[in-house]
Structure formats: C-alpha cells, structure tokens
Participant: 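Below is a structure I'd like to ask you about.
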Amino acid sequence: MEALIALGVGLLTACGVYLALRGRTVPVVLGLTLLSSAVNRLPQALVLTAIEISIGMTAFVVMLALRARAELGNDHVDGEDGGA
C-alpha cells in the first residue's frame with residue numbers, strides 16, 4: 001500500500017512540475033495546484049490547514065492570471081507574445 005501511495009505522490013509531483021514549466025498561465029496554475037496536492041498527500045500534522053492555504057493561494061493566482069490576461073492581451077507567463 002505504501003508503494004501505491006508513493007507512486008501516486010510521484011505521479012502528481014511529475015505532472016505538477018511538467019505543467020508548472022509551461023509557457024501559459026493556466027497550465028502553470030494547474031501545475032502549482034497538483035504540486036500542492038502532492039505535498040498534502042504526505043503525512044503532516046496540519047494537513048487541513050495546508051489544504052485551505054493552497055486553495056486560497058490558487059484563487060489568488062487565478063485572479064492574478066485573469067488580471068494579467070486583461071492588461072497584456074495574452075496569457076504567456078513572461079509577458080511576451082511568444083510567436084515568431
């Protein structure tokens with residue numbers, strides 16, 4: 001059973017890192033959410049508090065992404081259009 005949980009945490013972490021390194025804001029937000037979910041799967045004393053903080057931070061980052069999209073006109077994380 002421990003091997004299955006470790007495999008699940010590893011998969012969540014790998015997917016989260018992959019998405020966090022993307023060039024657009026929505027995959028980055030999803031990647032950070034997956035990373036926080038992977039961290040919360042490990043045994044911790046204050047898991048419920050960590051879950052609440054990660055939900056609040058996800059909402060904050062989504063609002064920042066929407067604001068950046070409205071002001072810049074694109075959703076690239078570096079602020080450039082990314083096209084050639």
Side-chain angles (χ1 to χ4, degrees):
M1 188 65 177
E2 291 87 11
L4 185 61
I5 292 174
L7 182 66
V9 169
L11 185 64
L12 281 173
T13 303
C15 291
V17 168
Y18 176 76
L19 287 173
L21 295 175
R22 299 288 87 200
R24 298 192 180 266
T25 54
V26 174
V28 169
V29 171
L30 289 176
L32 292 175
T33 304
L34 283 178
L35 280 173
S36 67
S37 178
V39 169
N40 290 333
R41 298 294 178 233
L42 298 172
Q44 295 182 25
L46 301 172
V47 172
L48 291 177
T49 305
I51 291 171
E52 292 171 1
I53 291 171
S54 68
I55 290 172
M57 287 305 296
T58 301
F60 179 70
V61 170
V62 166
M63 293 310 295
L64 283 178
L66 289 174
R67 178 69 184 252
R69 169 83 168 126
E71 287 191 8
L72 297 175
N74 61 25
D75 62 345
H76 290 276
V77 294
D78 60 357
E80 298 177 7
D81 62 358

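Quantities reported herein were computed from a predicted structural model and do not represent experimental measurements.
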Participant: Cut-off 3.5 Å, no hydrogens considered: what does the side-chain donor-acceptor table look like for residues 9-23, sequence neighbours left out?
Facilitator:
| residue | atom | partner | partner atom | Å |
| --- | --- | --- | --- | --- |
| Thr13 | OG1 | Val9 | O | 2.8 |
| Arg22 | NE | Tyr18 | O | 3.4 |

Participant: side-chain contact (heavy atoms from CB on, under 4.5 Å) with Leu32: which of Val28, Leu34, Val29?
Facilitator: Val28

Participant: Can you tell me how far CG of Leu30 sits from CZ of Arg24, rounded to the nearest 0.5 angstrom?
Facilitator: 14.0 Å

Participant: Using 4.0 Å as the upper bound for N to carboxylate O, is an ion pair formed by Arg69 and Asp75?
Facilitator: no

Participant: Which distance, rounded to the nearest 0.5 Å, do you find between the CZ of Arg67 and the CG of Leu72?
Facilitator: 10.5 Å

Participant: If hydrophobic clusters are built by linking Ile, Leu, Val, Met, Phe, Trp and Tyr wherever their side-chain heavy atoms come under 4.5 Å apart, do Leu64 and Ile53 end up in the same one?
Facilitator: yes

